[in-house]
Peer 1: 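Can you read through this structure? Questions will come right after.
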Amino acid sequence: MPAITLPDGSIRQFDGGVTGTDVAAAIGPGLAKAALAMQVDGKLVDLAEPIVSDAALRFITRRDPEALELIRHDTAHVLAEAVQELFPGTQVTIGPSIENGFYYDFARNEPFTPDDFVAIEAKMREIIGRGARFQRSVVSREDAIDLFTKKGERFKVELIRDLPESETISLYSQGDWIDLCRGPHMRSTADIGTAFKLTKVAGAYWRGKPENPVLSRIYGTAWRDQKELDAYLHMLEEAEKRDHRRIGKEMNLFHLQEEATGSIFWHPKGWKLYRTVEDYMRRRLDRADYQEVKTPQLVDRRLWEASGHWEKFRHAMFQAKVEDKDEADRIYALKPMNCPCHVQIFNQGIRSYRELPLRMAEFGACHRFEPSGALHGIMRVRAFTQDDAHIFCEEHQIAEETVRFVALLSGIYRDLGFSEFRVKFSDRPEVRAGDDATWDRAEGALKEACAIAGVDFELNPGEGAFYGPKLEFVLRDAIGRDWQCGTLQVDFVMPERLDAVYAAEDGTRKRPVMLHRAILGSFERFLGMLIEQYAGRFPLWLAPVQVVVATIVSDADPYAREVKAAFDKAGLRVEFDLRNEKINRKVVDHIEQRVPVLAVLGRREAELGQVVLRRLPGREQEVFSLAEAVAHLAKEANPPDMAALPADAVAA
RNA sequence: GCUGUUGUAGCUCAGUGGUAGAGCACUCCCUUGGUAAGGGAGAGGUCGAGAGUUCAAUCCUCUCCAACAGCACCA
């Protein structure tokens, strides 16, 4: 006699067991038609699932956000059926729904290519048109293994074998096609609709392990209706226009070329942007009591052996030798990170607890031989500059330093236009240095610090650094990919390995704790994010060219020089456009170049000593006297950390 | 590194087994025009690199390099 409580609070009684289908029908034909699945006591299940005891029930219709996940998962099943119909002998593996869509991994000697999509999509539409019911059945482990062994599906068999004993094994069939699946699903393939599209193919290792066979993965996107699908595809197109690689080219900020794979050639405008951010960061660090240092690029391998990096990361380190025969046996490595060098500075002389926490910062140029497939524009490169710092402190200072760090990072992200970011907490990896007790302390300290700092994090199990747990501050790029930028890592291991000590208050020698931390992560990656964040239309203080002085007639050239000189003097980044082109043309060109302000000068302005300012890409213009224009723009061009200061103090 | 795709002028791209084309950009000329592309002329390419097949390769085959998408990696 289940009593079913509906979301509006009403309760319905039923005699004996009922299914969601029954309840929906009892409520009304509209709902019976619209219900795709249901939530029973918060758990999403098939509509056909029996409800045997009192429960809170909520129906899922196409309007609910949960419908998207169901549609995507169902579409993955249909994809698999279509592929097996078209390409007999292909084995199925797994096919989950993901953000914006789904994928399915297939084992096939010949990988799929995008050319196969037309046929596969057509077959999928045919299967959806058949409207076969999704039928759930529960089977024993033996029967399931037997079934998939007979079908030649060895990956499914492996999956079943690895399921825990307690797991119920369920199968879903749609017509003649059957798959191992936890569910839930909608009523039939017809519920999927037609708003889906296959998007790309990729190789993917079986179970994510490089030693396993490579499967052929087909990605797709699926939505509730065509309008949503179109909107998504349009959003992707728009996002591509923000791509930092594209904007970098269009704005002439940087380039990459074969001879220096993974290293950036910064052009004048790109470097101006870089320097603007660097100058800003340096001011912030100075003010936050960091001491800036600079350490060597080339360091003897002995130091890397001592730190443990040689053993773990040698394959990814650039090594250098010289021809001199006395030095021939010596191997140097380009530093892949700065921490061992910073410890060397810490180790000069005798440190006292009074000096702690000691915050040692470096804009450290590092090189790592990243796998070729990992390279990505300027976001993942082989030569990069970390805004690195190491905080040497006592264990009881970890929490306070974390709080200070999070505050500094948040302020900087806000200034740079990133008010939202996610934090991941990565704990001990399988391969690591240091014993479990040390890891317990490090993880405990970092977690406690997060609680005090009010940091909400998601757990990222097993993803910590080999020497300690870390917080990752993650930003999202234009097309939705996540990138780790900031980080904070607690390290009890490196001070031990490199023998860092200080004299404690009681006169004994103690090991400091090292906090590795970066805010931008690397300038290169962060600038990539920044370019995408603003789509190249930077706020005035960041814009590499802040103002272009454009003339309407060449008679205004002398006045233009005067105007530019006045802007220059106020510290503004100004360029001329005295070309023999019409003003219309100049406006278009500088909009394309994403120049924030155009100062337009004609005969009239020259005579009256005025400047017409137009904010690009807008159409509005304002007329100022030259002095007003300079003051106005100089004020706006102030970096946010200097905005509180009077403009003349900044200019000086 | 793995799977797939791509590589032609500075940029975006078309094209062909008989040594190449467009638009924009560039140079010059005309035009001095008041806020989203004025007109004309010209110059510019070992068709990513190497090898092979062929009478002949930018095009077909192989190897390498690089880029792109995803996977794996990320101190």
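What you see below is based on every heavy atom in this structure, not just the backbone, and it leaves out hydrogens, waters and symmetry mates. Residue numbers begin at 1 in each chain, while the letters A, B, ... track the order of the sequences.
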Peer 1: Considering only atom C1', compute the distance from B:rG39 to B:rG45 and round it to an integer number of Å.
Peer 2: 28 Å

Peer 1: Please tell me which of the listed nucleotides, B:rA72, B:rC71, B:rG34, lies nearest to the side chain of A:Ala374?
Peer 2: B:rA72

Peer 1: A:Glu258 side chain: which of B:rG1, B:rU35, B:rA66 is closest?
Peer 2: B:rA66

Peer 1: Looking for any heavy atom pair under 4.0 Å, which part of the strands does A:Val587 touch: base, sugar-phosphate only, or nothing?
Peer 2: base

Peer 1: Side chain of A:Phe466: nearest nucleotide among B:rA75, B:rA36, B:rA37?
Peer 2: B:rA75

Peer 1: Please tell me which of the listed nucleotides, B:rC73, B:rA36, B:rG33, lies nearest to the side chain of A:Pro371?
Peer 2: B:rC73

Peer 1: Represent RNA chain B in dot-bracket notation, 5' to 3'. Only Watson-Crick or G-U wobble pairs with both distances under 3.5 Å count; pseudoknot-style crossings use [ ] and interstrand partners use |.
Peer 2: (((((((..((((....[..)))).(((((.......))))).....(((((..]....))))))))))))....

Peer 1: Among B:rC2, B:rG34, B:rA66, find the nucleotide with the atom closest to the side chain of A:Tyr205.
Peer 2: B:rC2

Peer 1: Can you identify which nucleotide, out of B:rA75, B:rG4, B:rG38, has its nearest atom closest to the A:Glu581 side chain?
Peer 2: B:rG38

Peer 1: Please report the distance separating the P of B:rG15 from the corresponding atom of B:rU27, rounded so that it comes out in whole Å.
Peer 2: 31 Å

Peer 1: Would you mind classifying the nucleic acid contact of A:Pro111 as base, sugar-phosphate or nothing, using non-hydrogen atoms under 4.0 angstrom?
Peer 2: sugar-phosphate

Peer 1: Counting only side-chain nitrogens and oxygens, does A:Lys586 get under 4.0 Å of the OP1 or OP2 atom of B:rG34?
Peer 2: no

Peer 1: Taking the P atom of each, how far is B:rC28 from B:rC71, in whole Å?
Peer 2: 50 Å

Peer 1: For A:Met337 and for A:Arg245, locate the closest nucleotide of RNA chain B by heavy-atom distance; then report the residue assigned to the nucleotide nearer the 5' terminus.
Peer 2: A:Arg245

Peer 1: When rounded to the nearest Å, what value does the distance between P atoms of B:rA9 and B:rG48 take?
Peer 2: 8 Å

Peer 1: Does B:rG33 have OP1 or OP2 under 4.0 Å away from a side-chain N or O of A:Arg603?
Peer 2: yes

Peer 1: Is the distance from OP1 or OP2 of B:rG4 to the nearest side-chain N or O of A:Thr113 less than 4.0 Å?
Peer 2: no

Peer 1: Using atom P in both nucleotides, what's the gap between B:rA57 and B:rA20 to the nearest angstrom?
Peer 2: 13 Å

Peer 1: OP1 or OP2 of B:rA69 versus the side-chain N and O atoms of A:Arg481: is any pair under 4.0 Å?
Peer 2: yes

Peer 1: Measure from the side-chain N and O atoms of A:Glu362 to the backbone N and O of A:Thr295, and report whether any donor-acceptor pair falls under 3.5 Å.
Peer 2: yes

Peer 1: Which nucleotide in the list B:rA75, B:rC74, B:rU32 gets nearest to the side chain of A:Lys312?
Peer 2: B:rC74

Peer 1: Closest to the A:Thr261 side chain: B:rU3, B:rA67, B:rA75?
Peer 2: B:rA67

Peer 1: Measure from the side-chain heavy atoms of A:Arg380 and tell me the nearest of B:rG70, B:rG33, B:rC73.
Peer 2: B:rC73

Peer 1: Taking the same atom, C1', in B:rC24 and in B:rC65, what whole-Å distance lies between them?
Peer 2: 29 Å

Peer 1: Using atom P of each nucleotide, how far apart are B:rG10 and B:rU6 to the nearest Å?
Peer 2: 23 Å

